[in-house]
**Student:** 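The structure follows.
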Amino acid sequence: MGMFCFQCQETLKNIGCNVKKGMCGKPSDISDYQDLLIYVLKGLSIWGERARSLGIRNKQADIFVIEGLFSTITNANFDPEAITEFINQGFSYRDQYKELFLKAYSEKTGQSFDEDVHDAATFEMDPENYLQKAADVGILATENEDIRSLRELLIYGIKGAAAYADHAYVLNQENLDVTDFMQKGLAATLDDSLTMADLIGLVMECGRISVDVMALLDRANTDAYGIPEITEVNTGLSPEPGILVSGHDLLDLEELLKQSQGKGIKVYTHGEMLPANAYPELKKYTHLAGNFGSAWYNQAKEFEKFSGPIVMTTNCLIPPKKSYKDRLYTTGVVGWPNMKHIAKNAGGSKDFSQVIEQALACGNLDEQKGDKLTIGFHHQTVLSLAGPIIEAIKGGDIKRFVVMAGCDGRHKEREYFTDVAKKLPQSAVILTAGCAKYRYNTLDLGDIKGIPRILDAGQCNDSYSLAVIALKLKEAFGLDDINDLPISYDIAWYEQKAVCVLLGLLYLGVKGIRLGPTLPAFLSPNVINVLVENFDIKPTGEAQADVDAIMAGA
Ligand code: SF4
Ligand code: SF3
């Protein structure tokens, strides 16, 4: 059996990538290695769960699970050496957890442990057999399509949560509930006694964890870098040497800013790094000069036009072109075969000196005129405008908020989101977060009595800000149900972080979400029915018809 992957929105024919290479460029062997890594993480989680039930934890193993999950997210790591190294380490941490548990068990009970455990928790293997084993433990190993669907929905929600937990962890914030749920959920996907109802319960629990992890990351970001401020970001290039930073990791950007200051270099953000320009503790670096480019899938043409070095701190990386490959650096869980990778040094920090040297060697960038993007609508910033917003709602100037958060992607159908933004009447305000915004954030939609018609809360994880704004409005209007607010949800999804955000919204009780441009291939018809019946989820339709329905509150 070859690869099978259906974790993202661009999966082949909206069924599954099952040929030699996924639509994202992920080769079959990487897909298989990632399946095996997930299997090893499930085995590790079985022992982790048992050990913690006896009050023991292996912190390094717990962090490893988070990083391992993050490395399998779409468009993060394409390097077979990196993924096999993750598998090797996974065996080692799995066995550490096993030993810890066995020792504690015999100390506690006076007996040795002799229950049967799942193959994932015990199998041993030489690396040359990894691919063979992967073929037996991938997604299709679960035959019942509804159970498979719920297991994968749970795993993808957990993967998204892992990405956010990792960002929070590097900024010294953790939530053990979140850490422990990841392993509980992973181990549960091997338990054949669990019914659909049990798995739906776990998926909803994942929604709670999603909200918690986004709250954790919100705290981590604002503690480290302050409350985002409404900021106008320049999208042009100055004629000095420059470095472009993409992905979601604010700490990487901060380290690079510190190391490059005073060297005659400008630093620009790209893609999901745009929101960094609004944080006081990052914008204080005057050489943080703006944002260049748009969403991840445009990187081939945008990186080609940027003549300095580029750092990918997280997904989304696409297969690099020769024209800029020697200027591209990966760091964190991102990987591409034989690409320059900046790892943490023994002290836990990263040395970006080779990037800085290359920026100076590349020389001045070609000057480019740009526009201005207005960003920084974090929930605390928006709530400082609560008075005028509430007045505008009461006076009928704002009739509806439309949450258009999520991801952007290659599919032409995503023009739908541009069309919706254009067709929404002057009395509608768009709340956005994530790279989905690049479909409409350059449109001049004007303002409503000084309140911009696009409020950009930040990265995909900052969708949390949009939920907080909704909850605060509910409070201000004395409503019992979040669904009584004049807010509609028109969400664009692409990868697993969007799954995490979606589960978070469902956990908060949001109903009637439109999801597009396609419904996830990993949702079986029965699972879709459950989501429709309980949450009134619907696929995006034709733009004008959806706008009419949204404005009518449907
Ligand atoms: Fe296909 Fe998406 Fe998986 Fe890539 S991540 S192999 S495009 S389903
Ligand atoms: Fe974008 Fe990859 Fe999801 Fe963080 S950068 S939202 S797709």
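Order of appearance sets the numbers: ligands from 1, and atoms from 1 within every ligand. Fair warning: this is a prediction, and the values are worked out from it, not measured in the lab.
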**Student:** Flag the pair D456 and K437 as a salt bridge only when some basic side-chain nitrogen lies within less than 4.0 angstrom of an acidic carboxylate oxygen.
**Tutor:**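 Salt bridge between D456 and K437, a charged N being under 4.0 Å from a carboxylate O: yes.
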**Student:** Over all heavy atoms of both residues, which pair between L69 and L41 is shortest? Give the atoms and the distance, please.
**Tutor:** N-CD1, 3.8 Å
**Student:** Measure from the side-chain N and O atoms of T189 to the backbone N and O of E152, and report whether any donor-acceptor pair falls under 3.5 Å.
**Tutor:** no
**Student:** Could you go step by step and tell me if S524 and E145 meet the side-chain hydrogen bond (donor to acceptor under 3.5 Å, both in side chains) rule?
**Tutor:** CA-CA 6 Å; S524 68; E145 72 162 352; 5.2 Å; no
**Student:** If you measure from each non-hydrogen atom of M3 to ligand 1, which part falls under 4.0 Å: side chain, backbone, both or neither?
**Tutor:** side chain
**Student:** If we only look closer than 2.8 Å, how many protein N, O or S atoms does atom 4 (Fe) of ligand 2 have near it?
**Tutor:** 3
**Student:** Only heavy atoms of F6, strictly under 4.0 Å: list the atoms of ligand 1 that pass.
**Tutor:**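 Counting from 1, the qualifying ligand atoms are 8 (S).
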**Student:** Identify, with sequence neighbours excluded, every residue that meets side chain to side chain donor-acceptor pair (under 3.5 Å) alongside T330.
**Tutor:**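 Only H341 meet the side chain to side chain donor-acceptor pair (under 3.5 Å) criterion with T330.
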**Student:** Give the atom numbers and elements of ligand 2 that come within less than 4.0 Å of a heavy atom of Y494.
**Tutor:** 7 (S)
**Student:** Tell me yes or no: between the side chains of T74 and Q496, is some donor less than 3.5 Å from an acceptor?
**Tutor:**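 Looking only at side-chain atoms, Q496 and T74 do form a donor-acceptor pair, the distance falling under 3.5 Å.
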**Student:** Please round to the nearest 0.5 Å and tell me the distance separating atom CZ of F417 and atom CG of D546.
**Tutor:** 9.0 Å
**Student:** Verify the ring-centre separation between F522 and Y156: is it less than 6.0 angstrom?
**Tutor:** yes
**Student:** Do you see a donor-acceptor pair shorter than 3.5 Å between the side chains of K42 and Q183?
**Tutor:**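 Short answer, no.
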**Student:** Quick one: which residue pairs count as a side-chain hydrogen bond (donor to acceptor under 3.5 Å, both in side chains) with a foot in residues 402-412, not counting sequence neighbours?
**Tutor:** Q9-H411, E10-R410, Y297-D408, D408-R439, K412-E415
**Student:** By residue and atom, what protein N/O/S atoms are less than 2.8 Å from atom 4 (Fe) of ligand 1?
**Tutor:** C24 SG
**Student:** Parallel, tilted or perpendicular, judged at 30° and 60°: which one describes the rings of F70 and H167?
**Tutor:** perpendicular
